[in-house]
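Input: a single structure, listed below in structure tokens.
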Protein chains: 2
Amino acid sequence: MNIGDVASQTGLPAKTIRYYEDIGLVRPKRDGNGYRAFNSAELHKLAFLARSRSLGFTIEDCRALLALYEDRGRASADVKLVAHEHLARIDRKLAELEAMRSTLSYLVEKCHGDDRPDCPILDDLAQPDAVPS
Amino acid sequence: MNIGDVASQTGLPAKTIRYYEDIGLVRPKRDGNGYRAFNSAELHKLAFLARSRSLGFTIEDCRALLALYEDRGRASADVKLVAHEHLARIDRKLAELEAMRSTLSYLVEKCHGDDRPDCPILDDLAQPDAVPS
DNA sequence: GCTTGACCTTCCAGCAGATGGAAGGTCCAT
DNA sequence: ATGGACCTTCCATCTGCTGGAAGGTCAAGC
């Protein structure tokens with residue numbers, strides 16, 4: 001299986017697959033012509049990576065998850081810990097974005113958005129200590 | 001005013017302020033000894049940048065907002081457009097994170113998190129097409 | 001057998017937005 | 001004059017790819 005086939009089957013760009021090899025996430029063999037030759041185990045790993053990345057896990061998380069996946073003697077607690085920490089990161093990010101969203105939507109609503117220079121958005125940005133009503 | 005004073009007044013690390021000079025967001029004069037000499041206008045700009053960045057605007061957004069801020073003849077519509085587009089970006093990001101959060105919290109809940117290898121999280125990652133109940 | 005086009009390879013550069021650290025100059029108080 | 005807290009520049013690093021150049025390979029069609 002060449003890289004193009006793996007790309008279309010996993011949805012990962014070929015560039016990304018090469019990058020994953022670079023950083024040691026997969027180690028495909030090579031054909032005589034130098035082409036990467038993926039077997040079904042590698043394909044499976046890459047699908048696993050694609051799914052993990054799509055859930056927002058970092059590359060290092062993915063590396064850890066993949067190692068756990070391949071370790072028949074793993075404790076599910078170890079997997080849960082990784083996922084739980086990631087969930088906490090997501091919650092922090094969500095809170096941050098929601099705070100931004102709240103301020104921004106208030107300001108956007110308050111701005112006339114016409115051809116006059118008067119602008120509550122700029123007023124807020126210029127006065128970091130202003131507290132919206 | 002030296003960079004350290006500006007850093008403590010704006011909350012921006014000195015490194016970041018130098019970086020902002022590098023990319024042309026501020027242009028402080030220099031003292032005879034080569035030290036950056038910030039006046040109150042530069043201080044104000046940096047506070048504006050700090051606030052804009054804290055609301056998640058990109059550096060290029062900040063550049064545009066700063067230019068609008070300094071343009072007495074601006075139309076508030078132009079400011080509103082930048083903010084509105086940013087709000088839309090935030091909403092897309094929120095939706096993405098909420099989707100991740102939903103899947104992850106479901107999986108974390110389902111995982112026993114004990115010393116046994118059986119793990120619904122890994123099961124999901126390994127089967128990208130699985131649909132949580 | 002030759003061309004064409006779709007593959008594949010490596011390598012290097014760049015994105016955002018800083019941040020860390022090394023090596024060295026300056027300023028001020030003691 | 002010495003120490004420590006400043007300041008300077010420059011270069012490397014982080015995350016996770018992505019783009020592009022320059023070139024090798026393969027299979028189909030003529």
Side-chain angles (χ1 to χ4, degrees), chain A residues 1-38 42-43 45-46 48-66 85-86 89-90 92-93 96-97 100, chain B residues 1-38 42 45-46 48-66 82 85-86 89-90 92-93 96-97 100:
Chain A
M1 235 187 167
N2 284 348
I3 199 168
D5 305 315
V6 178
S8 58
Q9 287 201 45
T10 59
L12 292 170
K15 278 262 177 191
T16 299
I17 297 171
R18 289 192 195 101
Y19 172 69
Y20 287 173
E21 182 186 9
D22 258 20
I23 61 173
L25 288 176
V26 285
R27 300 181 201 283
K29 298 219 167 68
R30 297 300 181 117
D31 278 341
N33 55 14
Y35 288 18
R36 288 167 183 81
F38 295 87
E42 303 282 351
L43 177 66
K45 270 197 196 187
L46 284 164
F48 184 99
L49 288 168
R51 172 70 172 157
S52 305
R53 290 288 300 133
S54 81
L55 286 178
F57 286 105
T58 65
I59 290 285
E60 288 317 304
D61 282 345
C62 292
R63 200 188 297 278
L65 290 170
L66 205 48
E85 285 176 356
H86 179 42
R89 276 196 317 259
I90 286 181
R92 282 193 298 277
K93 191 74 192 171
E96 191 191 340
L97 284 175
M100 287 177 185
Chain B
M1 239 186 161
N2 283 348
I3 201 168
D5 306 314
V6 178
S8 58
Q9 287 201 44
T10 59
L12 292 170
K15 278 266 179 191
T16 299
I17 298 171
R18 289 193 196 99
Y19 171 68
Y20 287 174
E21 183 187 7
D22 258 20
I23 61 173
L25 288 176
V26 286
R27 300 179 202 282
K29 297 224 167 65
R30 296 301 180 116
D31 279 343
N33 55 15
Y35 286 19
R36 288 167 183 82
F38 296 87
E42 303 281 351
K45 271 196 194 187
L46 285 164
F48 183 101
L49 288 168
R51 173 69 172 156
S52 306
R53 290 289 298 133
S54 81
L55 287 177
F57 286 105
T58 66
I59 290 286
E60 288 317 304
D61 282 346
C62 291
R63 200 187 295 279
L65 290 170
L66 206 47
V82 173
E85 286 176 355
H86 179 40
R89 274 195 318 259
I90 287 180
R92 282 194 298 275
K93 191 75 191 166
E96 191 190 339
L97 284 174
M100 288 176 184

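Per chain, numbering begins at 1; letters A, B, ... match sequence-line order.
The distance from the CZ atom of F57(A) to the CE atom of M100(B) is 10.0 Å, given to the nearest 0.5 Å. Note that CG of D31(B) is 13.0 Å distant from CE of M1(B), once rounded to the nearest 0.5 Å. L43(A) contributes atom CG, which lies 5.0 Å from atom CD of Q9(A) (distance to the nearest 0.5 angstrom).
Taking atom CG of D5(A) as the reference point, atom P of dC7(C) lies 10 Å away to the nearest angstrom. Rounded to an integer number of Å, the gap from D31(B) CG to dC7(D) P is 11 Å. The interatomic distance linking E60(B) (CD) with dG14(C) (P) rounds to 17 Å, in whole Å. Atom OH in Y19(A) sits about 17 Å away from atom P in dC15(C), given to the nearest Å. Regarding Y35(B), its OH atom lies at a distance of 12 Å from the P atom of dG25(C), rounded to whole Å. One atom, CE of M1(A), and another, C1' of dC8(C), lie 16 Å apart when rounded to the nearest Å. Distance L25(A) CG to dC17(D) C1': 13 Å, rounded to the nearest Å. As a whole-Å value, the separation of N33(A) CG from dT10(C) C1' is 14 Å.
Applying the 4.0 Å criterion to OP1 and OP2 of dT19(C), one finds that T16(B) has a side-chain N or O inside that range. Proximity of R63(B) to the phosphate of dA16(C): no side-chain N or O atom is located under 4.0 Å from OP1 or OP2.
Among the atoms of the strands shown, none is found under 4.0 Å from any heavy atom of F57(A). When heavy atoms are screened at a 4.0 angstrom cut-off, I3(B) is found touching the sugar-phosphate backbone but no base atom.
Looking only at distances, no side-chain donor or acceptor of H86(B) sits under 3.5 Å from a matching main-chain atom of D61(B). When atom types are taken as modelled, the side chain of N33(B) and the backbone of Y35(B) share a donor-acceptor pair closer than 3.5 angstrom.
Among dT10(C), dC8(C), dC17(D), the nucleotide with an atom closest to any side-chain atom of R36(A) is dT10(C). Candidate nucleotides dT26(C), dC17(D), dA18(C) were compared by shortest atom distance to the side chain of I59(B), and dA18(C) ranks first. Nearest nucleotide to the R53(B) side chain, out of dA18(C), dT8(D), dT10(C): dA18(C).
Classification of R63(B) and E60(B) as a salt-bridged pair holds, one side-chain N sitting under 4.0 Å from a carboxylate O.
Evaluation of atom-type donor-acceptor distances gives no pair under 3.5 Å for the side chain of Y20(A) against the base of dG16(D).
Between F38(B) and the choices D5(B), I3(B), T10(B), the side chain to side chain contact (heavy atoms under 4.5 Å, CB included) rule is met once, by I3(B).
Of all the residues in residues 8-15 of chain A, P13(A), K15(A) reach under 4.0 Å from DNA chain D with at least one non-hydrogen atom.
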